[in-house]
Each structure stands twice: as structure tokens, then as C-alpha cells.
Amino acid sequence: MNGLIFVLNKYVMKAKRNIIKIDEQLCNGCGICVEGCHEGALQLIDGKARIVSELYCDGLGACIGDCPVGAITIEEREAEAYDEAAVMECLIPKGEATIIAHLKHLKDHGEMIYLRQGVEYLEQHGADTDVDSVRTAVHGAKAPLPCGCPGSMERSFKAPMAPVAAGISMAESSCDGGKMRSQLTHWPVQLHLLNPQAGFFRGADVVLAADCTAYAYADFHNRFIRNHTLAIACPKLDSNKESYVEKIVDMIDTAQINTLTVVIMEVPCCGGLLQLARMAVEKATRKVPVKKVVIGVEGDVVEESWM
């Protein structure tokens, strides 16, 4: 996830992530942004709004719209990682209304991982809080997703990172007693079900793969999923493919993905997925490197090139 925090003993290493920036020349000290920052990252100091803790700034920029003079922007720089547990610890004493506003803020920006962390912290430490009431206010129901489909619930997890010893192939290093390990790091993977602003897309190397490629290419997990974020689609059978273009644009511009690799089969209909990716890249304001990989029907890589 963009902005991971690494804790060694008592030292915190900073990493690049999105965080707000305040132009003190423009700031008039009105304090509206401070009131709007439920996370508690901002305070008025010497008549100017200032970040008092990077741990509390989620970098989503809710305070930008509150600023009447346009003094707040978002920049990418080294900063301490956002800490949802620390935020919730400060919010619980403020009451349910503030907690709900914060959790809705995370949901509206697609930060489902932080949202789950916040609810889990609330369940463990919010003894005086009606967690069911909060959950219902945030989601509209107790179900985590408005679609009501638990199988589509967004999840993020770590793939096994087995070290590769000298003389051992990547595929062999991913085996455990002869059993291949999955390299998948999130769920869902189907592009229609994916939120392009999900945390696991932030700054990621993304693989957009045609459905059939994983069946044709034997070592798909190690070759294409390892250290990548996966999205799958079928350019021939899927409906509403126009929405795919908007989702890819959102990945590029909002999630600020690092690279995009499009893996397709050599059959003619599969070229439609590459065309959708091209349309998205042309429409996006950011530019990202795009790789084209073509898998043969016999399971070999017949073409691989940067576009």
C-alpha cells in the first residue's frame, strides 16, 4: 500500500505518499479546514492552519473543499504513514457523529482497508459506542457492501515472499512441499468489481489480464502476479466495457499507478482489451509506461514489448 510504515524498535521510516500541503501565504487562518478534519491532523497555530501530525493525515484531501482561499493542495512527498488506529483512538471520545463522518469519508474515497481497520478498532476499543449503529450509518445496512454480495467484499492480504536461493528458480521458491503458492494480494480481481481507488492500487504495478491468459500460461502467478496488483476482464464476453476505460483512467490519475501491463491471448478478440487500455492512457492526464504481453494458445509468450 502507498505510504507503508516500517517500525524498527522505536524508529519510524518515512515513505512517499500523498499528503496535504498548506500555502501559508494564502492561508487566512479562518480555521474551517481544522473543523472539517475529523482525523485531527490540522490545528491553527500562530494564525495559520498547520499539520500537527502526519500520522493523522490520510492524504484524501477532504479539507481542500473547505478552504475558501484555495490554500490547500495535495502533494506526494516523504511522510510518516497514516495510522488509522491512532486516528480512531482520538475520535472515539468525540462521539458517534464524528466517528461516522470519518468512516464515511474513508468509504467515499474507496479506502476500504482503512475503513475495516477503523471498524475493527472500534469493535475492540469502543466500549461505549454502538458499533452496529455506526456500521449502519456508514453502509446503510450491516452488510459491508451495498450490493449485498459478501463474495465481492474488498480484501487485501500479503502473498508469501519466499527467498530465492542460488540455483533455484522463482517457481521453485514459491512451492511449499510441492504445492504452488498463490501470489495474489487482494480480492476481488474482476475489473467490474474492483474499486480503482482501493489502497492496493496506490502506486502499484498493475497487470490487466484477459481471463484466458491465466489458464494458457502455466506460470502466470510468478511471472505476472508476483509484486503486481491484478485486474482481469474479457473484452469479448464482458458487458459495459466502456466503464473499464473510466476505471483504468482512475487508476492512472487518482491511484497513480506506476506501470500497466496488459496481458492478452493471441486470438483476435483479445485485442479489444489492449484497445481499452490505450483509450484510457490517452484519456488520462498522467502518463504511465504500458507493456503489451501476448500469450499463445499453446502457452508460450509470443510477444512482449513496451508501448
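- Between L191 atom CG and L193 atom CG the span is 9.0 Å, to the nearest 0.5 Å.
- Put simply, the side chain of H186 gets close to the backbone of L230: a donor and an acceptor are under 3.5 Å apart.
- A continuous path of hydrophobic side-chain contacts links L44 to I51 [ILVMFWY only; heavy atoms under 4.5 Å].
- The closest donor-acceptor contact from the side chain of H228 to the backbone of R226 lies under 3.5 Å.
- With rounding to the nearest 0.5 Å, the separation of CD1 in I99 from NZ in K104 is 13.5 Å.
- C212 places none of its side-chain heavy atoms less than 4.5 Å from the side chain of C270.
- At a threshold of 4.5 Å between non-hydrogen side-chain atoms, the residues M307 and L274 count as touching.
- Linking Ile, Leu, Val, Met, Phe, Trp and Tyr whenever their side-chain heavy atoms come within less than 4.5 Å puts I248 and M279 in one cluster.
- Looking only at distances, no side-chain donor or acceptor of H38 sits under 3.5 Å from a matching main-chain atom of T98.
- A donor-acceptor pair under 3.5 Å is formed between the side chain of K48 and the backbone N or O of E24.
- In this structure the side chain of E39 never reaches within 4.5 angstrom of the side chain of C57, judged on heavy atoms.
- Scanning both residues, G61 and I20, for their nearest heavy atoms gives CA-CG2, 4.4 Å.
- Using modelled atom types, no side-chain atom of T229 and backbone atom of F201 make a donor-acceptor pair closer than 3.5 Å.
- Contact of the F220 side chain with the I295 side chain is not registered, since no non-hydrogen atoms from C-beta on lie closer than 4.5 Å.
- Between the side chain of R17 and the main chain of E80, a donor-acceptor pair closer than 3.5 Å is present.
- No more than 12 heavy atoms of other residues, nucleotides or ligands sit less than 6.0 Å from atom CG of D128.
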Does the pair M88 and Q117 meet the rule for a side chain to side chain contact (heavy atoms under 4.5 Å, CB included), with working shown? CA-CA 9 Å; M88 289 301 298; Q117 290 175 352; over 6 Å; no

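- By the neighbour-count criterion of 12 heavy atoms within 6.0 Å, atom CD of E75 is densely surrounded, having more than that number from other residues, nucleotides or ligands.
- No more than 12 heavy atoms of other residues, nucleotides or ligands sit less than 6.0 Å from atom NZ of K21.
- How far SG of C90 is from CG of D83: 9.5 Å, rounded to the nearest 0.5 Å.
- Judged by distance alone, the side chain of H192 and the main-chain N or O of S243 form no donor-acceptor pair under 3.5 Å.
- For D253 (side chain) and R286 (main-chain N/O), a donor-acceptor pair under 3.5 Å exists by modelled atom type.
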How far apart are the C-alpha atoms of I45 and V52, what are their side-chain angles, what is the distance that settles it, and do they pass the side chain to side chain contact (heavy atoms under 4.5 Å, CB included) test? CA-CA 9 Å; I45 300 174; V52 294; 3.9 Å; yes

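- Closest of all the heavy-atom pairs between V249 and A280 is CG2-O, 3.5 Å.
- Taking the side chain as every heavy atom from C-beta outward, M251 and V288 never approach each other to under 4.5 Å.
- Taking the side chain as every heavy atom from C-beta outward, L106 and L60 approach each other to under 4.5 Å.
- In the hydrophobic cluster analysis, where Ile, Leu, Val, Met, Phe, Trp and Tyr join through side-chain heavy atoms closer than 4.5 angstrom, I19 is grouped together with I74.
- Without hydrogens or angle criteria, D300 side chain to V302 main chain gives no donor-acceptor distance under 3.5 Å.
- Using a 4.0 Å cut-off between charged nitrogen and carboxylate oxygen, E54 and R77 count as a salt-bridge pair.
- Following chains of ILVMFWY side-chain contacts shorter than 4.5 Å, one can reach V263 starting from V301, so the two form part of one hydrophobic cluster.
- V297 and M265 make their closest contact through CA-CE, 3.9 Å (heavy atoms, listed as atom of the first residue, atom of the second, distance).
- In this structure, NE2 on H105 lies 3.5 Å from CG on D58, to the nearest 0.5 angstrom.
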One pair to check against side chain to side chain contact (heavy atoms under 4.5 Å, CB included): V281 and I252. What are the steps and the verdict? CA-CA 8 Å; V281 169; I252 296 172; 4.1 Å; yes

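- With contacts defined as side-chain heavy-atom distances shorter than 4.5 Å, the pair L42/I22 qualifies.
- In the hydrophobic cluster analysis, where Ile, Leu, Val, Met, Phe, Trp and Tyr join through side-chain heavy atoms closer than 4.5 angstrom, Y56 is grouped apart from I32.
- Note: E89 CD to Y121 OH = 4.0 Å, rounded to the nearest 0.5 Å.
- Atom-to-atom distance recorded for D211:CG and D238:CG is 6.0 Å, nearest 0.5 angstrom.
- Closest heavy-atom contact between N258 and P289: O-CD, 3.4 Å.
- For the pair D132 and R135, the salt-bridge criterion is met [side-chain N within less than 4.0 Å of a carboxylate O].
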Derivation of the side chain to side chain contact (heavy atoms under 4.5 Å, CB included) call for T73 and D23: CA-CA 8 Å; T73 56; D23 187 333; over 6 Å; no

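- Two residues are said to be in side-chain contact when any heavy atoms from C-beta on lie closer than 4.5 Å; T261 and D205 fail this criterion.
- Shown here for C27 and V69, the closest heavy-atom pair between the two residues is CA-CG2, 4.4 Å.
- Checked for salt-bridge contact, R202 and E76 miss the test: no charged N lies under 4.0 Å from a carboxylate O.
- The minimum heavy-atom distance between H102 and Y82, with the atom names listed, is CE1-OH, 3.2 Å.
- In this structure, K283 contributes its side chain and V245 its backbone to no donor-acceptor pair below 3.5 Å.
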